[in-house]
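Report on one structure; see the data block that follows.
Each chain gets a letter, A, B and so on, in the order its sequence line appears, and its residues count up from 1.
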Amino acid sequence: MSAGQPPFDSPEIRRLTPVIGPGHTYGSVTDKISAIVLTRPTSLGWYVGFLIAFSIMGMMTVAIGWLIIKGTGIWGINIPIGWGFAIVNFVWWIGIGHAGTLISAILFLLNQKWRTSINRFAEAMTLFAVACAGIFPLIHTGRPWLAFYMFPYPSTMGLWPQFRSPLIWDVFAVSTYGTVSLMFWFVGLIPDLATLRDRSVRKPLKIIYGMLSLGWRGSARHWHRYQSAYLLLAGLATPLVLSVHTVVSFDFAIAIVPGWHTTIFPPYFVAGAIYSGFAMVLTIAIPLRKAYDLEDFITMRHLDNMAKVMLSTGLIVAYGYFFEFFLSLYSGNKFDVFLVQQRLHGPYAPFYFALILCNILLPQLLWSYKMRHNVAALFLMSIVVNIGMWLERFVIVVISLTRDFVPSAWGRYSPTFWDWATFIGTIGMFVTLLFLFVRVLPAISIAEMRELVAETSEEEK
Amino acid sequence: MGEFGTPEELLQAVKKVREGGYRRLDAYAPFPIEGLSEALGLKRNLVPAITLLGGLAGGIGGFCFQYWAAAITYPLNIAGRPLNSWPAFIPVTFELTILGASLAAVFGMLALNRLPHPHHPVFNVGRFTHASSDRFFICIEAKDPNFHLEKCARLLQEVHAHHITEVSDD
Amino acid sequence: MAQIFHRSTNFLARFSVFSALFLVGLALVGVLAVARSPYLTRQNVTREQPVQFSHKHHVGDDGIDCRYCHTGVETSAVAGIPPTKTCMNCHAVLFNNAAYLEPIRESYRSDKSIPWVKVHRLADFVYFDHSIHVNKGVGCSSCHGQINQMPLVFQANTLLMQWCVDCHRNPEQVLRPKDQVFNMDWKAPDNQAEVGAKLRDEYKIRTTAELTSCSTCHR
Amino acid sequence: MREHEHIDSQHDHNDPAGDAKLHDGQMDLAAVRAKLQSKTGKQYWRTLEELAGDPQFEELLHREFPRQAPSEWDDSVDRRDFLKLMAASLAFAGLSGCGRTPEQYIVPYVKQPDGMVLGKPQFYATAMPFGADAIGLLVESHEGRPTKVEGNPDHPSSLGATNVFAEASVLNLYDPDRAQTVTKFGEIQTWSLFEQSAQAIAAETRAAYGAGFRILSGIVTSPTLAAQIQSLLTLFPKAKWHQWEPAVGDGTREGAKLAFGSYLNTVYRPERADVILSLDSDFLGSGPGHIRYAKEFSRHRKLNGPSDTMNRLYVVEPTPSVTGATADHRLPLRASEVELFARALAAKLGFGGSGTLPAGAEKWLDAVAKDLQEHKGASLVVAGEQQPAEVHALTHAINAALGNLGATLYYTYPLEERPVNHLESMAELCADIEAGKVETLLILGGNPVYTAPHDFDFASKIAFDQTTKQKKVKNTIHVSSHFDETSELCDWHVAESHYLETWGDARAFDGTLSVIQPLIAPLYHTHSLRAALAAFSDKPGVSDYDAVRANLEALGKRLLLMSFPDPGSFEKFWRKSLNDGVVASSAFAPLNATLKFSPANLPTPKPAPADEIEFIFRPDPCVYDGRFANNGWLQELPKPVTKLTWDNAALVSPKTAENLKVAQNVAWRGGEHGKVYSNVIDIALSNSKVTAAAWIVPGQADGTVVLPLGYGRKRAGYTGTNKGFNAYAVRASGALWTAFAPSSAIKKTGEEYPLACTQYHFSMEGRQILATGTLEEFRKNPNFANEHAELPPKELSLYNGEAEFPYNRDKWAMAIDLNKCNGCNACVVACQSENNIPVVGKDQVMRGREMHWIRIDRYYEKTVKTATNDPSSYDQSLFNPPTFFQPVPCQQCENAPCEQVCPVGATVHSAEGLNDMVYNRCVGTRYCSNNCPYKVRRFNFLRFQDWETPQLKLLRNPEVTVRSRGVMEKCTYCVQRINNARIESEKLNAPIHDGAIVTACEQACPTEAIVFGNANDKDSRVARLKAQQRNYTLLGELNARPRTTYLAVVRNPNPELESA
């Protein structure tokens, strides 16, 4: 066991709350997980859920189509509030994505065994979240069909993107993040795809999984290189994930808008991202383990640990809020000071207080052991944090723009039906993709679970 | 080819077989086993080196490209900032470094492993499907200079292989 | 178990991976190429006109000066397509019953304009000014090609922004003495580089930075 | 360089089929006209496109965006658009712009007009008749299309500047809702048919010596038209000529009569006055000569340094006007109390008599009287157009007593050919109609059904009475530009030509005569008032050109005592008059008028009921008396003080609002910068009632409610119909300008009405947005403007690349002297006209999306200590707050925050330091706008431009890109003008001299507050202004280094009043 273990991963505790249910062998693990995909019949619930999610996603496509016909004017944005829901959602989704990479990469480096059972769908979640996030920077432009201007390609105009703009940094950060996450995820999948190939009985499945598994046969030589590649990817993904939300925070920190222009953004955006990410992992994991009775693999210990991570990142975020507040006042910059007052008793004050409630006050309940071990409560808490983190982005993006330098230009923002349709639509898309994922791919890394079985069996000796 | 039930048996077997003087052999397992590589005497692989190269290419290329675009091909006065506002070019450079490195790592690994490789003799063995779930295999290749069918079979029996099968290559 | 895949698939699999990458690359290059192709730029594409007016005949053979018809070229942004009247100045007498000139006479009688097909089309959103180019020693043929050898006019250059900007970056390459501006057969001397540089100073042509500012052409 | 040009009638200057390189797909008006000729019998058409048989006409009929004010878009989804969804998605898939564009055609002239150079705009001198004034103009024309109206520097009434009405008048020309032909009972007739029946009527009338023939017109200052009327009246001895100008009071006229025994015209010389008192007169913002007065006034307010002197302006007024906002001292008084003030002032100056004044005004009065007396001969008292005759008479007396006659003002013969008391004239007409004395009523312009006092019930006078099945007037003919409320009740309607379409003439405020020369032949079958009138004369069919020409010759001989021995000499005179835009030395000579009046023996006025609410009627600053109701530019123009658009509202003071329990609340969508809900009130007044939205105006006199005229039109056209409320509905002949009613007359309906207000927040929140000071402060501390500026030092830079962009050739910059700006809005409309800025409609304005490139911010100096910053929460400081205006165009920052964040480099710096905006590169992330500290960028959230209406295509300035949807746009210092000037100078290898480039806003500004030029040229006006100590940077601490800077406001208060 490596040295980088937090205390809560000490052997005693592990024996008390195992990361894997007792009595599992390589075979049983394999059976159980692959069964979800191969043998287990698709439940009615899956169909219903999928249909609902899919229709919500349909609403999104309609909303986007309408947007393309009419223009961004169908949203609530205006001058001075040029960015509304679109950017709020973008930042929110990107943030959610971070937990996946964090779990699979950083915890892997820290050699946290308990990550194994959740990393697979956490990574999937990352991909889907990034997909949802990626939609917004595209459609929020006035002329989406010209968005390719933002990519470096040899145009007949001899022009190139303007690399001083944080939006261009975004383009590179997000696309890199998407690509790397995808590869990370796929590389992790290869051995499991092989398993599915070998265990599926129907020919077409065999062929499909066979192709996807690239003919993996578990050779020791392959495992040898595989492990180093995986380790390297993890090593690369770690700084990447930190950089991505840093860059996202630059969208605001680089601008001169009061409430945006602050150096504290990068760290606390990252913390916030992890915060919301873990909340979302919980939101997904809890129903998942129930639906496919994976309680043996996603044990209370996992939930407990994730709750603890949420608690700690939540505290970092709280610290961030405090210092943002403090620095504005301390700086004596009249615009910043005014903005802080606006947050407290401007037209949007309720949002700010709701944010404080959701992101700082309520999560303190997680100090209690009982809370952390009450699945239902934990689920609710994760929802609350998700909402809270969305509010945070709303407060940052909107309130700052409503009250900037020239009072004559002050305005207000309120979302239209289409703002909501697009936002909720992306949630539909996210869930749709998750449904598909659990249906056709192993939601838990089988190979790593076997490893886990091996180690746990050693320990028991 | 011999089949085993646990990683430990496999490790034992591999050691024995190598003591038996066989070099061209491979082991198969449903998950990476500590020590197996050493037992097989694999030397350290090239993946890290490739990754490093990919990273360097992405980073250096990325910065040079930005400099060229901003300062050389179409120099424009943006917000009174100098043409080479290098601090503003760092984020993209960084991202491209990561991208280059990751691509190199993955494709490097696949290439070195000769993947994709859907057809392989070992798949002829019926029980080999278990290699991806709960069984462990050793395969001594006929290309090995001192390969001899009976000898190998005997050797594998000595190391208590559960099943021993001959892998035909067609 | 039996093999799922035939041996050949090993090759196929790897081949398909590479070819996929290759095809994607090819597609991108293709798009960029089409954007520059005559299909879109209409470079070197001659057009049917309501009257098959031949610049070759009028300019090349008869030696009529550009400015006789394109009166605005030295003073205005647009060189100007001549009114029917200008045609009739001569053709009231010359070939005054030639069938192929009927549209001209018809237009003159009925006071209905002749719809000439537009040949030289700059990219949209560009505000091009003929007069300043002509006055600064940029010859007609530098952009329009050797009109005097075109029976039917076609667009001699791509007229893509890149093409404009190349010249705005270093005008030396095309500058000629002002008295040569309307000379269709002018050829750049071998020492164009230094001649051009000299003319650039002489004609007080602005710096490249000024010439390549966006608002120089876009408003 | 723009040279005036002149044209004569033979000159076919109206064929717009110019070089298509400039404007492809342009409509061929010739074709349209041909079609029009061929039309006969009953036929309707809506647009020229239909006539020209344009295929896209179908689309045009069911356009989804209304003309002028496109995209009144709401959250509801209409089915048709919805069906297009699929198609659009497909189009989206096939990346637009990659497609191959279709062939285009170049349609040259058949015979090119002489003197026209394709692609070069031409400028013609003409004049816009407006009430008792004519504004001298230079109109820009592109291939025969008038596109932009500018002031004529040689014309006394404009001196090169304009006002909102003149600037916007060009849109009226292309207004798609204009009446397009002669109609009878709403059915299309030919002009010849009209002439026949006119002649028939004339024949009958002559038989009766003209009995029963009546003409109703507005103020007529056109000698030609007047001559035409005269000749008709001589033809019909018993005929009568009535006049009705709804928004101009009789007080001015009758006041002169009261004072001097005869009608006289007053001309002011504010330039010579050191102390000016305005008695409810908005002489800087409206009324005859106001453009010139504003210029003169501001010239006497120019400050080059602390040593300079300034004039001092006192204003007594019931409701804030631009004049009031400019004042050094402003006293809110109810309109009915202004007379008391005048009497009291007269008393102070020793005329005897006296007036009781409301508390607080006494002290004010003393100070003013003292100040005036100290400046005998250099002072000026001006009375408001809406004030009664007594006030005007008193003013004349006071000015006389102060020895101002001939010094700061002089008198001339009246401009009107026949000055009458309009109210009496109208009353007489109505009475005669009732008495059945009227056979034929010829209404020349105006819209009496809408504007006449409601108790006259003019509609019933001319309408067909359903019960009696008959009409009181046998023949009714209405000549007007639109088919309006009056037209639909008249038998005949003759479409009136726009002043840019027909020959005419008019006198300016000082009598100067201008020939109005057309720039384009009538777009439709329209005729001038004179032509319509001539149809009844014995010489119908005389062309306007001949008539005007003949009349000028006659005038020249009679008034100017010129002799034209040979036709050639008159031809020269004629051409010169056209070229200059003024008829040389035609201004009226000053008269030495002697006062025949003593204020003492004025009858004591009946005391205004103090406990009652006073309602006053005022022409609207944007749509005037309603004649501009269908003009999108003016409808969307924020009113100078209230910043309301698209509506009028009953204006009340904060205190009154409190008493009436009237409040406002900011909507969530749009908010302070767009949408405010206001209480709706029912107003019962003069036996009539109207429902209006209330609006709270700080600085308004308590107990006064202002009802702006000109809104609530029932038949104005697409843009103007049913906007706001109709104040005429409660305007009775007995109380034309001021009416009283107990506060119970106002009832809250309980409803709320959304008003589009572009700037609701009026406090500076203690930020140094505006630097203001008094003359003393300025003298003590000339640098007061920059004292609190925290400009960061240049060295403080991450980069030391400071010297990388030196701008050592031309360095364009702008300086705006806030001391001169009076917020008149001329620059806003000028900019809109010059730069093809779309009109977005009320709904979009309420979403905070108006597109004006230059906005005029209005601030009240005292910050208001209420959380909501809501004037409805009454605060003492809102009783009479000092008001300031600040025009804010793009500041052209050298370290432009917008540029740094644009991902595609769509906004970058030019080598001359302009903050270029490249529309076709913009993808519309709106990041630049977020990062713009001045919020001067405007975004095309929807497709705001009207691409369908053909008339509006003719209007556009071909020098400026017409922006599409999804694109950011902003002020560029009129880069098209800069480029053209640069090209011309480059051809001559000469530097661009100062003044060669005049931006549209600078050009229009009546007070010369905006100055543009090359900051590198030390002698340029802009450089000199920037060198002044008053010069400061807006939000300098942000280190954006704007090229546009401001000069601080310096007010010149009277120390005696300051001490209070």
Mind ranking [options] by heavy-atom pairs under 4.5 Å with chain A and telling me who comes out on top?
| options | answer |
| --- | --- |
| A39(B), G55(B), P87(B), A69(B) | A69(B) |
| T73(B), L76(B), L112(B), L110(B) | L112(B) |
| I50(B), L103(B), V122(B) | L103(B) |
| A27(B), P118(B), A105(B) | A27(B) |
| T6(B), I33(B), V14(B), L96(B) | L96(B) |
| A104(B), A88(B), S102(B), P32(B) | P32(B) |

Scan for side-chain hydrogen bond (donor to acceptor under 3.5 Å, both in side chains) pairs involving residues 164-175 of chain A, sequence neighbours excluded, and state none if there are none. Q162(A)-R164(A), R164(A)-S85(B)
Where does [X] contact chain A at under 4.5 Å (heavy atoms): side chain, backbone, both or neither?
| X | value |
| --- | --- |
| L40(B) | side chain |
| L46(B) | neither |
| L52(B) | neither |
| F136(B) | side chain |
| S133(B) | both |
| V47(B) | both |
| W86(B) | neither |
| P30(B) | both |
| L99(B) | both |
| H120(B) | side chain |

Quick one: does [X]'s side chain get under 4.5 Å of [Y]'s, heavy atoms only?
| X | Y | result |
| --- | --- | --- |
| M157(A) | Y74(B) | no |
| E95(B) | Y177(A) | no |
| I98(B) | P239(A) | yes |
| L36(B) | W223(A) | no |
| T51(B) | L236(A) | yes |
| F65(B) | P152(A) | yes |
| L42(B) | R221(A) | yes |
| E448(A) | F31(B) | no |

Ranking S228(A), G218(A), A229(A) by heavy-atom pairs under 4.5 Å to chain B gives rank one to G218(A)
Can you say whether [X] sits under 4.5 Å from chain B via the side chain, the backbone, both, or neither, judging by heavy atoms?
| X | value |
| --- | --- |
| T179(A) | side chain |
| E451(A) | both |
| L196(A) | neither |
| T30(A) | side chain |

Would the distance check show the side chain of [X] and the main-chain N or O of [Y] forming a donor-acceptor pair, the cut-off being under 3.5 Å?
| X | Y | value |
| --- | --- | --- |
| W160(A) | A70(B) | no |
| H222(A) | N113(B) | yes |
| T195(A) | S132(B) | yes |

Starting from the C-alpha separation in whole Å, work towards a yes-or-no answer on side chain to side chain contact (heavy atoms under 4.5 Å, CB included) for F123(B) and R197(A). CA-CA 12 Å; F123(B) 290 130; R197(A) 172 196 62 200; 3.6 Å; yes
Among residues 148-160 of chain B, which residues come closer than 4.5 Å to chain A, judged by heavy atom distances? none
Under the side chain to side chain contact (heavy atoms under 4.5 Å, CB included) criterion, do V187(A) and M109(B) qualify, and how do the steps go? CA-CA 10 Å; V187(A) 169; M109(B) 183 269 284; 4.1 Å; yes
Sorted by first residue and then second, give each salt bridge (charged side-chain N to carboxylate O under 4.0 Å, His left out) pair with at least one member in residues 177-192 of chain A; sequence neighbours left out. R120(A)-D192(A)
Return the [atom1] to [atom2] distance between [X] and [Y], rounded to the nearest 0.5 Å.
| X | Y | atom1 | atom2 | value |
| --- | --- | --- | --- | --- |
| R217(A) | D26(B) | CZ | CG | 7.0 Å |
| F163(A) | T93(B) | CZ | OG1 | 9.5 Å |
| S243(A) | F94(B) | OG | CZ | 4.5 Å |

Could you tell me which residues satisfy salt bridge (Lys or Arg N to Asp or Glu O under 4.0 Å) with E3(B), sequence neighbours excluded, listed by chain and number? R127(B), R135(B)
CZ (F107(B)) with more than 12 external heavy atoms under 6.0 Å: no
